[in-house]
Amino acid sequence: MLKTKIAVFVSGGGTNLQALIDAEKRGEIPSGEITLVLASNDKAYALTRAAQNGIKSVVVKRKEFPSQELYETKMKQVLMKNGIEMIVLAGFMSLLSEDFTFAYPKRIVNIHPSLIPSFCGKGFYGLHVHEAALEYGVKVTGATVHYVNEIPDGGEIILQKAVDILEGDTPEALQRRVMEEAEWVLLPKAVEMVAQTLKKGN
């Protein structure tokens, strides 16, 4: 059975990459296969995770290219060479232009650590999202998996899961709970849904 070939884009520790690798091993992503990890940072621990699991990896750094266009051309070349059909952004810190997202319509998904449209868009990433949720005093937060388009966190929502905010939560504690209870649960489910859709379309 042909599987949808997936590239995971990373910049750091790769906890969501690990969640996907584990889910794939458990048979939860039968329609897709992670065949490439693309990192924007050669020191990303996610590269170690890829190596430990026999997944090919490549590093493409934004600062090594004079323009966004050349940077994205290089990434597209890597993706084409590896026959990639779907992209998962898992803590990828480089922004993608409209040209790039347009080249992969409904083929790029991202996980965001809040219930979009709350606490999303430019500047809302990592701990900043959880700090904002706590400052605002919301009682419920969560995570959202969405398609990626030219607007940061602006693409169509695929799945969401709510997580309660507890008294005494710190941004770090909340971040961990959102990962465990929402991100690591939602991402494999959404990846399978999209991979299955693409397989039917091919």
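Quick caveat, the model's predicted, so the values are computed rather than measured.
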Measure the shortest side-chain to side-chain distance between [X] and [Y] over non-hydrogen atoms and say whether it is less than 4.5 angstrom.
| X | Y | value |
| --- | --- | --- |
| Leu96 | Met75 | yes |
| Asn149 | Glu156 | no |
| His146 | Asn110 | yes |
| Lys25 | Asn53 | yes |
| Ser40 | Phe9 | no |
| Val148 | Ile87 | no |

May I ask you to decide if the ring planes of Tyr71 and Phe65 are parallel, tilted or perpendicular, using 30° and 60° as cut-offs?
-> tilted
What is the ring orientation for Phe100 with Tyr104, classed by angle as parallel under 30°, tilted 30 to 60°, or perpendicular over 60°?
-> tilted
CZ on Arg107 to OG1 on Thr101, rounded to 0.5 Å = 14.0 Å
For [X] and [Y], which heavy atoms make the closest approach, and how far apart are they?
| X | Y | value |
| --- | --- | --- |
| Thr144 | Ser114 | OG1-O, 2.7 Å |
| Pro113 | Val129 | O-CG1, 3.3 Å |
| Ala90 | Val8 | CB-CG1, 3.7 Å |
| Glu24 | Ile34 | OE1-N, 3.2 Å |
| Leu198 | Lys106 | CD2-O, 4.1 Å |
| Ala44 | Ser11 | CB-O, 3.6 Å |

Under 4.5 Å between side-chain heavy atoms, counting indirect links through other Ile/Leu/Val/Met/Phe/Trp/Tyr residues: same cluster for [X] and [Y] or not?
| X | Y | answer |
| --- | --- | --- |
| Val194 | Leu89 | no |
| Ile6 | Leu17 | yes |
| Val37 | Leu20 | yes |
| Ile84 | Val60 | yes |
| Phe124 | Tyr147 | no |

Would Asp22 and Glu28 count as a side chain to side chain contact (heavy atoms under 4.5 Å, CB included) if you check the C-alpha gap in whole Å, the side-chain angles of each, and the deciding distance to 0.1 Å?
-> CA-CA 9 Å; Asp22 294 345; Glu28 291 168 21; over 6 Å; no
Decide if atom [atom1] of [X] counts as having more than 12 heavy atoms of other residues, nucleotides or ligands within a radius under 6.0 Å.
| X | atom1 | value |
| --- | --- | --- |
| Lys74 | NZ | no |
| Leu166 | CG | yes |
| Glu98 | CD | no |

Assess whether side chain to side chain contact (heavy atoms under 4.5 Å, CB included) is satisfied between Leu36 and Val78, documenting all intermediate values.
-> CA-CA 10 Å; Leu36 183 71; Val78 169; 3.9 Å; yes
Let me see the working for Asn82 and Lys5 under side chain to side chain contact (heavy atoms under 4.5 Å, CB included), right down to the final yes or no.
-> CA-CA 9 Å; Asn82 288 280; Lys5 287 188 168 184; over 6 Å; no
Please answer whether the main-chain N or O of Asp99 pairs with a side-chain N or O of Glu72 as donor and acceptor at a distance below 3.5 Å.
-> no
Donor-acceptor pairs under 3.5 Å, side chain of residues 171-193 to any protein atom, not counting sequence neighbours: which ones?
| residue | atom | partner | partner atom | Å |
| --- | --- | --- | --- | --- |
| Arg176 | NE | Glu180 | OE2 | 2.8 |
| Arg176 | NH2 | Glu180 | OE2 | 3.3 |
| Arg177 | NH1 | Asp169 | OD1 | 3.0 |
| Arg177 | NH2 | Asp164 | O | 2.8 |
| Arg177 | NH2 | Asp169 | OD2 | 2.7 |
| Glu183 | OE1 | Asn16 | ND2 | 2.9 |
| Trp184 | NE1 | Asn16 | OD1 | 3.2 |
| Glu192 | OE1 | Ser31 | N | 2.9 |
| Glu192 | OE1 | Ser31 | OG | 3.4 |
| Glu192 | OE2 | Ser31 | OG | 2.6 |

